[in-house]
Asks: 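Here you go, one structure.
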Amino acid sequence: MKLWMLFSYIGITMVSKPVLSKLEKPIYFAPPKLIMHFSFGFSEIYADLLWLRLIQDIDFCNTEKGIPIYDGQRKYQCEKGWSYKMVDALTELAPRFLKPYEVGGSIMSVIMGDKEGAKRIYDKGVKRFPKEWRLHFSAGYHYLVELKDKKRAAELLIKSADHGGPQWLYGLAAQQYGAMGEYFLAKKVLQDFLKRDKGGEYRKTILRRLEQLEKKLQSL
């Protein structure tokens, strides 16, 4: 009887071990954006649950075949993978939840190399948070360094500076315009001066110079 119990135990263990090992592995399932239509008034709660799941494996990277790519230090070369889908879904559930845009966009951009995923999250974020200078700064970095889109990067850097970012961002933005840099920076300086001219003493002069600069910019 004891021998039978021993063999039974060994058999159950041999069968159960691979099954249990599979269950111990994390499941990378991302809900579709349409989940917002099935939240039944609990969208923010669902978003919190997705966020708690996401931050555990936020840098998980998978190829189109679903195979993780890992070089021993970081995961890389993704294309709208699991992390992107998670951030995209939870930002639909809770569009005013700022952290996923900031953290998710940065991780996708800097760590994972998910250029398109980061671009889409940043584009959504800056549209929903037009006055968050840190978000605009991070998005500007992504467009400048990762996507090589200098024009869009300059626009984002200027908005970052406009809403509390370091003032040197104006100069950095102007540099991205090449030949237009000098005129663009001059235009920005004149616009800022016009805002500070509360009495309107120099308004006509500044508006005339702005009109001249605008014509030069259009010609370039």
Side-chain angles (χ1 to χ4, degrees), residues 33 54 58-59 61 69 74-92 95-196 206 209-220:
K33 290 168 59 175
L54 175 63
I58 195 169
D59 62 345
C61 175
I69 303 176
R74 69 171 189 168
K75 292 153 186 169
Y76 59 100
Q77 295 178 351
C78 302
E79 182 65 27
K80 292 181 293 182
W82 178 77
S83 292
Y84 163 74
K85 292 175 183 177
M86 287 285 283
V87 174
D88 193 39
L90 73 88
T91 51
E92 291 297 317
R96 302 305 299 172
F97 188 8
L98 177 60
K99 191 65 69 176
Y101 300 101
E102 293 182 329
V103 178
S106 296
I107 294 293
M108 280 181 259
S109 174
V110 179
I111 303 299
M112 299 166 60
D114 188 351
K115 296 181 180 181
E116 182 61 25
K119 174 182 176 296
R120 294 191 178 197
I121 294 303
Y122 278 135
D123 286 348
K124 184 192 290 188
V126 297
K127 184 177 181 181
R128 290 177 174 172
F129 295 91
K131 296 183 180 181
E132 287 290 339
W133 77 265
R134 294 182 187 277
L135 184 60
H136 281 77
F137 178 79
S138 297
Y141 160 84
H142 184 68
Y143 269 92
L144 181 61
V145 177
E146 303 296 340
L147 301 178
K148 311 301 180 186
D149 187 342
K150 294 185 177 182
K151 184 177 183 298
R152 179 58 177 156
E155 294 171 354
L156 290 164
L157 293 173
I158 288 168
K159 286 186 177 180
S160 177
D162 283 344
H163 297 292
Q167 296 300 294
W168 52 263
L169 288 176
Y170 288 130
L172 178 60
Q175 293 175 17
Q176 310 314 315
Y177 281 84
M180 293 191 295
E182 181 180 352
Y183 293 107
F184 191 87
L185 186 58
K187 178 181 177 181
K188 192 62 190 174
V189 170
L190 288 172
Q191 288 175 334
D192 289 343
F193 186 90
L194 190 63
K195 291 178 182 178
R196 294 194 299 270
I206 298 301
R209 291 187 61 186
L210 281 171
E211 184 178 355
Q212 294 171 350
L213 280 171
E214 191 63 38
K215 290 180 180 178
K216 291 180 179 178
L217 282 169
Q218 290 177 2
S219 66
L220 288 172

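Along the sequence shown, the residues carry numbers beginning at 1. Being a predicted model, the structure only gives us computed values, none of them experimental.
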Asks: Taking all non-hydrogen atoms of both residues into account, name the closest pair between Met108 and Gly117 and its distance.
Replies: SD-C, 3.8 Å
Asks: Does Lys85 reach the side chain of Lys80, with side-chain heavy atoms less than 4.5 Å apart?
Replies: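 No, too far: nothing below the 4.5 Å cut-off.
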Asks: Just distance, no hydrogens or angles: give the donor-acceptor pairs under 3.5 Å from side chains in residues 147-159, sequence neighbours left out.
Replies:
| from | atom 1 | to | atom 2 | distance (Å) |
| --- | --- | --- | --- | --- |
| Lys148 | NZ | Val145 | O | 2.9 |
| Asp149 | OD1 | Arg152 | N | 3.2 |
| Lys151 | NZ | Glu155 | OE2 | 2.9 |
| Arg152 | NH1 | Glu155 | OE1 | 3.2 |

Asks: So, taking the atom named OG1 in Thr91 and the one named CE in Met86, what distance separates them when rounded to the nearest 0.5 Å?
Replies: 11.0 Å
Asks: Identify, with sequence neighbours excluded, every residue that meets side chain to side chain donor-acceptor pair (under 3.5 Å) alongside Glu214.
Replies: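 For Glu214 the side chain to side chain donor-acceptor pair (under 3.5 Å) partners, ignoring immediate neighbours, are Lys187.
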Asks: Look at Lys124 together with Asp88 and state whether they make a salt bridge at an N to O cut-off of under 4.0 Å.
Replies: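 Between Asp88 and Lys124 there is a salt bridge, with a charged N closer than 4.0 Å to a carboxylate O.
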Asks: For Tyr101, which of Val126, Ile121, Val87 qualifies under side-chain contact (heavy atoms from CB on, under 4.5 Å)?
Replies: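 Between Tyr101 and the candidates, side-chain contact (heavy atoms from CB on, under 4.5 Å) is satisfied uniquely by Ile121.
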Asks: For a quick test of your reading: what N or O donor-acceptor pairs under 3.5 Å do the side chains of residues 129-139 make, sequence neighbours left out?
Replies:
| from | atom 1 | to | atom 2 | distance (Å) |
| --- | --- | --- | --- | --- |
| His136 | ND1 | Glu132 | O | 2.9 |
| Ser138 | OG | Arg134 | O | 3.2 |

Asks: For Tyr122, give me all partners under ring-ring contact (aromatic ring centres under 6.0 Å, His included), at least two apart in sequence or on another chain.
Replies: His142
Asks: Taking atom CZ of Arg209 as the centre, report whether more than 12 heavy atoms of other residues, nucleotides or ligands fall under 6.0 Å from it.
Replies: no
Asks: With sequence neighbours excluded, tell me which residues meet salt bridge (charged side-chain N to carboxylate O under 4.0 Å, His left out) with Lys119.
Replies: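 Salt bridge (charged side-chain N to carboxylate O under 4.0 Å, His left out) list for Lys119, sorted by chain: Asp123.
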Asks: Can you name the side chain to side chain donor-acceptor pair (under 3.5 Å) partners of Ser160, sequence neighbours left out?
Replies: none
